[in-house]
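A short worksheet on the structure shown next.
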Amino acid sequence: MSDTLTQPKAVRPSSDGDLRAALVHHLVDDHVVSPRRACLREQYEAVARCVRDVLTDRWLASTRTYDQVNPKRVYYLSMEYLIGRSLVKNIISLGMDGELRELVRREGFDWDAIVETEPDAGLGNGGLGRLAACYVDSMATLQLPAIGYGLRYDYGIFRQQIVNGYQVESPDNWLLEPDPWEVPRPHEQVEIKMQRTLRLSDDNHEQIPLQTMTLSGIPYDRPVVGYGGHTIGTLRLWRASTPDYFDLGEFNHGDFVRAMLRRDAAGTVTRVLYPDDSTMRGKVLRFVQEYFLVACSLADIVARFRRQNQDWCALPDKVAIQMNDTHPSLAVAELMRILLDVAKLDWDTAWDLTCRTLAYTNHTLLPEALERWPVMLLENLLPRHLEIIYEINERFLSDVRKRWPDDNDRIRRVSLIEEGPTKLVRMANLAIVGSHSTNGVAQIHSELLRTRVVPELAEIFPERFNNKTNGVTPRRWLLAANPELASLMTEAIGPDWITDLSQLRQLKALADDAGFREGLQKAKHDAKVRFADWLRSTSGEALDPDTIFDCQIKRIHEYKRQLLNLLQVIIQYNRLREDPGRDCTPRTVMFAGKAAPAYTLAKLIIKLINSVAATIDADPAVRGRLKVLFLPDYNVSLAERLIPAADVSEQISTAGYEASGTSNMKFMMNGALTVGTRDGATIEMAREAGPQNLFLFGLTAEQVVETRGWYNPWWHYDHNPEIRQALDLIFSDHFNQDEPGIFRPIHDALLAHGDYYMHLADLDAYLVTQDAVCTMYKTPDEWFRTVALNVAASGMFSSDRAVTEYAEQIWRVKRCPVAEEQQS
Ligand code: 26Q
């Protein structure tokens, strides 16, 4: 990339000499190693430390500015931040990319190898966690006074290996070596109290004698470098530990060693990220994690507020708290507890302040993913919070009764408590009732949330419901990930798109410019070659960059329908075998994604993908024309490599089930064309680019609902020979001759159990659409014209746009530029 075009001016110009001295200093003084003998890891740490040196002043200045100006601040509460790597992202934001690469080169170090040394910070499962990471990037770039709060898990999302085609999980020990980006602040630790009548283990309900449990939350701060380095925001992650004065005498009767061993128990709270992203498993430890995040963050927020403000009633004027899904929704009860028990406010005042301070984002429509926690759990661990929740509920239900006297069904449905064999607290109801804003993450999702999931709550609080369509940061997903395309953009329209992605609109006029289209084509080809080279060197797998790169990369889930893609592939395979002369554009179909370890069918889908891939690979009849590949261990870094290389983006969820999707946006801005259903944000992408410029197919969300009553997958099996042949091939063990019968559960899901996600209903339309893709690809002029129109229309999917909407419409937080004189 031409540095001069796309790099911001460094905020603190560092002369070559300074930087080199810093590098040598960090190598020698931090690692006690002579620069020439430093290993890769030592080189990486030293380079990262140099970068941190450069941002330190500005980070301090950002914090000092907020302390002096006392603006309204925003706090983003999220159980997940799927950060990925930070080195390249930070140097680009600081404008020191070129300078640092050059220095490293002159020292004789290998830049790419250094970059690869950094482990991904994988503190999230997928979309929701990555969204949080994009949003803190945008908050810093937009110069908003913001802090992201989360947990510092010792182990992030598991590593995925594929053994004999099966997913095997292994621990992600990302902190094995010290992380150069984090700053531990033990002196700012907070203390959290819970009642303890349950053992802190992953298994439920093991009773122990009643005790009060005190946990320490130790903050670890990570810099969030806004583009241009003007504002450095903070991501504050909590690690659980035991307070230093731990109950030696209290109930261990002087048994020092036992007390010391017990200290470890607290640490388990932040030991590991739960790897489920679509079902809610009621584990005690997960519940404790959620409370720990809420309690630590609110203690910190309130302490900061109190340092600068006398009057509790100013809380909503100084503090906006966004809850990323219901995971931190205990914040409603915790803030009430603080305002009632600590600030000693009356109920009505406390309630008013709580609702005006909090806001809630919903990310799912799947009923099984909605959080509901046993009342028993709160009774045992957080009795005061339960008392508060009951009181909230009573007052709320009494209001509802006034409006709808005698409508007991309605009362039952809106209640914060679900009655039944196990009484449950409905966390979404708590979040909606206890906040001033509830938003979905794409238009269709916000609409379905309002009309289908919580219609009665929406009727009671119509003004609270709103939409904030997701966005992604163009700094990571274009500028850093796709230098080929980023340079082309900057050459065409200048660098302003980096912080104002709507500028891409100007590219629309260039869709008819043959020179520009050629530029797009070359950028895509270069990115494909770059990906193929990387894959060959890391896995030995060879790809042909002249084939269509067709990608479906996301968590494995039935509703996302990796099986639909696979059935389509098998049908193409059969067509090629039957008609060797068939005219078609060669394709490489790539899958990547993790399955929740307890989601057996998702894991079997991975096995099937690998089995199909192996069979196709071994079949000379289709060689060079069709290839299937499952890329193991999908993470942020793999996405950054793969997305720029993609020609086709698969977004094929059953309509009405994918809340938004965000990889769809990344693909769009990177010049891939979308094959998709009318679901989530894909609908808005089609609106922006014109539906004729996407390959849309399949049932709409309404049609899915209408069809459900009478839909019968067997009909498609009986009436469509190609579909029957594909299914028979799977169930005849053609792809798994060594393990007969293993795919029976897939047969059951697709046929015997009624195909809940309606794969077969959409398969025909999907095949027709894929043919259209092949046809268009044969005419590069048309293909790249469409690519240009998509890229030009992708501007609204910047997280800067999304965060600006949150700031203006929900948080009412304004920019607070860091004062120049703050720089020391
Ligand atoms: C809840 C309770 C206990 C254990 C785990 C969980 C849990 C954890 C993570 C439940 C859900 C998640 C993650 C959900 C998620 O990633 N949702 C996705 O959010 C994206 C950002 O808004 C959307 O684009 C996707 O459509 C949505 O699936």
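Atoms within each ligand, like the ligands themselves, are counted from 1 in listed order.
- With respect to atom 11 (C) of ligand 1, the closest heavy atom belonging to the protein is D277 O, 3.2 Å.
- Here is the list of ligand 1 atoms found below 4.0 Å of a heavy atom in D276: 5 (C), 6 (C), 7 (C), 8 (C), 9 (C).
- The closest donor-acceptor contact from the side chain of N482 to the backbone of L478 lies at 3.5 Å or more, if one exists at all.
- Distances between N or O atoms of N470 and those of ligand 1 include at least one value under 3.5 Å.
- Residue V441 has at least one heavy-atom neighbour below 4.0 Å for each of these atoms of ligand 1: 22 (O).
- In the candidate list G661, G440, C134, G661 is nearest to atom 24 (O) of ligand 1, counting heavy atoms.
- Each of the atoms 25 (C), 26 (O), 27 (C), 28 (O) of ligand 1 lies under 4.0 Å from some heavy atom of E658.
- Under a 4.0 Å N-O distance rule, the pair E684/R687 does not qualify as a salt bridge.
- For the pair R450 and F465, the cation-pi test (distance below 6.0 Å, angle within 45°) is failed.
- The heavy atom nearest to atom 22 (O) of ligand 1, considering only M665, H363, H445, R130, is found in H363.
- Where the criterion is an N or O separation shorter than 3.5 Å, residue side chain and backbone included, E290 fails it with respect to ligand 1.
- Proximity annotation for atom 6 (C) of ligand 1: of R555, E371, R286, R286 comes nearest, heavy atoms only.
- Between the side chain of R801 and the main chain of N470, a donor-acceptor pair closer than 3.5 Å is present.
- Among protein heavy atoms, atom 16 (O) of ligand 1 sits closest to L128 N, 2.9 Å.
- When each atom of ligand 1 is checked for a heavy atom of A659 under 4.0 Å away, the hits are 26 (O).
- Looking at T682, L696, N664 one by one, the single match for side chain to side chain contact (heavy atoms under 4.5 Å, CB included) with T674 turns out to be T682.
- Judged by the 6.0 Å and 45° rule, R708 forms a cation-pi pair with Y756.
- Under 4.0 angstrom from ligand 1, the non-hydrogen atoms of H327 all belong to its side chain.
- For ligand 1, the atoms lying closer than 4.0 Å to a non-hydrogen atom of Y559 are 28 (O).
- Note: no N/O pair closer than 3.5 Å links Y274 and ligand 1 by distance alone.
- Results of the side chain to side chain donor-acceptor pair (under 3.5 Å) test with N565 over Q568, R561, Q562 single out Q568 as the only residue that passes.
- Applying the side-chain contact (heavy atoms from CB on, under 4.5 Å) rule to N173 yields the partners Y155, L176; only residues at least two apart in sequence or on another chain are considered.
- Residues H557 and Y657 keep their aromatic ring centres 6.0 Å or farther apart.
- Within the 4.5 Å cutoff, the side chain of T677 has heavy atoms near those of the S653 side chain.
- Of the N or O atoms in E80, none lie within a sub-3.5 Å distance of an N or O in ligand 1.
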